[in-house]
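One structure is given here, and the rest of the page talks about it.
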Amino acid sequence: MSRPSLPPPELRAYLEELVRRTSAVCGDRLVSVLAVGSLALGDYRHGRSDVDVTVVVDPAPPRADLTELAATLAHPALPCPAAGLELVAYAADFAARPSGEAGYLLDLNTGPSLPERASQDPADAPAFWYVIDRSVAHQAGLPLYGAPARDVIAAPDRPAVLAALRASVREHAGGEGHLADNRVLNGCRAAVHCRTGHWFAKRRAGEIVAASEPAFEPLITEALRSFGRPRAEAAVLPAEDVRAFLAWVAARVEEAAAAAGV
């Protein structure tokens with residue numbers, strides 16, 4: 001699946017306003033605003049996907065400015081047309097070096113389908129989410145403003161990514177708070193990354209694993225079908241099958257870690 005050069009039409013006005021408001025708060029501190037996640041990987045699904053955005057600033061703004069940024073971007077102050085906005089802001093000196101830490105200045109979750117969250121303490125959440133997001137951003141981040149992704153976001157090293165994948169698979173195996181189709185397709189993405197060192201969109205990763213692992217093809221096919229629907233219409237997948245698949249993914253991560261000497 002080819003990576004888009006522009007965000008989808010449904011999001012362009014929203015993202016333009018997000019950049020405008022971010023620039024208004026951050027001023028000349030703003031280095032870059034990047035679309036990451038499904039937008040960067042070319043698999044945004046309107047009504048299902050979140051909008052994932054990474055902001056890089058130099059130097060770090062005062063906490064009061066970060067609070068103002070969260071307030072001006074929060075839904076419905078800025079109505080989010082997607083399932084939600086997941087925006088993470090980093091200081092440029094942190095983003096420019098490989099790290100296995102969360103390291104953010106601001107982590108904002110907001111929107112119609114997301115629980116509201118605005119954290120300025122990177123100890124508030126497991127680091128693996130941010131390590132994976134920065135790895136995706138370095139590979140495929142789509143510039144909305146300022147410097148290109150590879151100029152401002154360092155790729156976490158392979159041991160850090162594998163540790164993040166280990167934690168991610170463990171999180172999804174627990175199942176708490178995650179749709180079953182997303183758990184399966186996240187597992188596919190992790191398995192394919194372990195095999196290739198490259199990030200693929202979840203649906204493409206699902207197709208790759210389904211083609212190479214016939215035992216899991218029915219489960220993945222149903223997950224792919226469900227992933228095409230709005231979140232409220234997601235299918236209930238067999239819990240034992242999901243657990244067995246994620247156990248298989250966990251074994252692939254451990255194999256990759258052993259091969260890398262981690």
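Note that the coordinates shown come from a computational prediction; the quantities given were computed from them, not determined experimentally. The basis for the numbers below is simple: all heavy atoms, side chains too, and nothing from hydrogens, waters or symmetry mates. Residues take their numbers from the sequence shown, with the count starting at 1.
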Worked check of side chain to side chain contact (heavy atoms under 4.5 Å, CB included) between Glu213 and Trp248: CA-CA 11 Å; Glu213 302 295 331; Trp248 176 86; 3.4 Å; yes
Between His178 and Asn186, does a side chain to side chain contact (heavy atoms under 4.5 Å, CB included) hold up when you go through it step by step? CA-CA 11 Å; His178 299 284; Asn186 263 307; over 6 Å; no
Determine, stepwise, if the pair Val57 / Val55 fulfils side chain to side chain contact (heavy atoms under 4.5 Å, CB included). CA-CA 7 Å; Val57 290; Val55 172; 4.0 Å; yes
Could you walk me through whether Leu18 and Leu85 pass the side chain to side chain contact (heavy atoms under 4.5 Å, CB included) test, one step at a time? CA-CA 10 Å; Leu18 182 149; Leu85 168 68; 3.9 Å; yes
Checking salt bridge (Lys or Arg N to Asp or Glu O under 4.0 Å) for the pair Glu17/Arg21: CA distance, chi angles, key distance, verdict? CA-CA 6 Å; Glu17 181 62 13; Arg21 293 186 182 204; 2.8 Å; yes
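No side-chain heavy atom of Val88 sits less than 4.5 Å from a side-chain heavy atom of Val53. Between Val184 and Phe216, the closest side-chain pair of non-hydrogen atoms is not below 4.5 Å. Looking only at side-chain heavy atoms (C-beta outward), Arg134 and Pro98 stay at 4.5 Å or farther from each other. Here the side chains of Pro115 and Asn109 are not in contact, with every heavy-atom distance at 4.5 Å or above. You'll find the side chain of Arg183 reaches within 4.5 Å of the side chain of Leu246, heavy atoms only. You'll find the side chain of Leu41 stays beyond 4.5 Å of the side chain of Ser38, heavy atoms only. No side-chain heavy atom of Asp52 sits under 4.5 Å from any side-chain heavy atom of Leu39. Looking at heavy atoms from C-beta onward, Glu207 lies out of side-chain contact with Phe200 at the 4.5 angstrom threshold.
Leu114 and Ile132 fall into different hydrophobic clusters, defined by Ile, Leu, Val, Met, Phe, Trp and Tyr side-chain heavy atoms under 4.5 Å apart, directly or through other members. A continuous path of ILVMFWY side-chain contacts below 4.5 Å connects Val33 to Tyr14, so both sit in one hydrophobic cluster.
A distance-only check finds a donor-acceptor pair linking the side chain of Arg150 to the backbone of His138 [under 3.5 Å]. Side-chain atoms of Ser32 come within 3.5 Å of backbone atoms of Ala147 as a donor-acceptor pair (strictly under, hydrogens ignored). Remark: the backbone N or O of Arg189 is not paired with any side-chain donor or acceptor of His193 at under 3.5 angstrom. A donor-acceptor contact shorter than 3.5 Å is absent between the side chain of Ser226 and the backbone of Glu222. Without hydrogens or angle criteria, Thr196 side chain to Val192 main chain gives a donor-acceptor distance under 3.5 Å. Without hydrogens or angle criteria, Thr72 side chain to Glu68 main chain gives no donor-acceptor distance under 3.5 Å. Distance alone, capped at 3.5 Å, places no donor-acceptor pair between the Arg117 side chain and the Thr110 backbone. Formation of a donor-acceptor pair under 3.5 Å by the Asp65 side chain with backbone atoms of Pro61 is not found in this model. Between the Ser212 side chain and the Ile208 main chain, a donor and an acceptor come within less than 3.5 Å of each other. In terms of modelled atom types and a separation under 3.5 Å, the side chain of Gln139 and the main chain of Trp199 share a donor-acceptor contact.
Going from atom CG of Asp50 over to atom OG of Ser113 covers 8.0 Å, rounded to the nearest 0.5 Å. Rounding to the nearest 0.5 Å places CZ of Arg204 at 10.5 Å from NE2 of His198. Atom-to-atom distance recorded for His46:NE2 and Arg48:CZ is 14.0 Å, nearest 0.5 angstrom. With rounding to the nearest 0.5 Å, the separation of CG in Leu87 from SG in Cys80 is 11.0 Å. Here the OG1 atom belonging to Thr67 is positioned 8.0 Å from the CG atom belonging to Leu106, to the nearest 0.5 angstrom. The CG atom of Leu69 lies 9.5 Å from the CD atom of Gln120; values are rounded to the nearest 0.5 Å.
In this structure, Glu217 places its CD atom where more than 12 heavy-atom neighbours from other residues, nucleotides or ligands lie under 6.0 Å away.
Hydrophobic cluster membership for Val152: Val31, Leu34, Val36, Val56, Ile153 (Ile, Leu, Val, Met, Phe, Trp, Tyr linked by side-chain heavy atoms under 4.5 Å, directly or transitively).
Listed here is the closest heavy atom pair of Ala82 and Val51: CB-CG2, 3.5 Å. Of all non-hydrogen atoms in Phe245 and Cys188, the two that sit nearest each other are CZ-SG, 3.6 Å. In terms of heavy atoms, Ala137 sits closest to Ala149 at O-CB, 3.2 Å. Here the closest non-hydrogen pair linking Asp58 and Ala92 is CB-CB, 3.6 Å. Closest approach of Tyr130 to Ala102, counting heavy atoms only: CD1-CB, 3.6 Å. Shortest non-hydrogen contact noted between Leu108 and Ala118 is CD1-CB, 4.1 Å.
A centroid separation of 6.0 Å or more is found between the aromatic rings of Tyr104 and Tyr90.
With sequence neighbours excluded, no residue forms a side-chain hydrogen bond (donor to acceptor under 3.5 Å, both in side chains) with Arg45.
For the residue pair His75 and Glu116, no side-chain donor N or O sits within less than 3.5 Å of a side-chain acceptor on the partner.
Residues Arg229 and Asp181 are not paired through a salt bridge, judged by the lack of any N-O separation under 4.0 Å between the basic side chain and the carboxylate.
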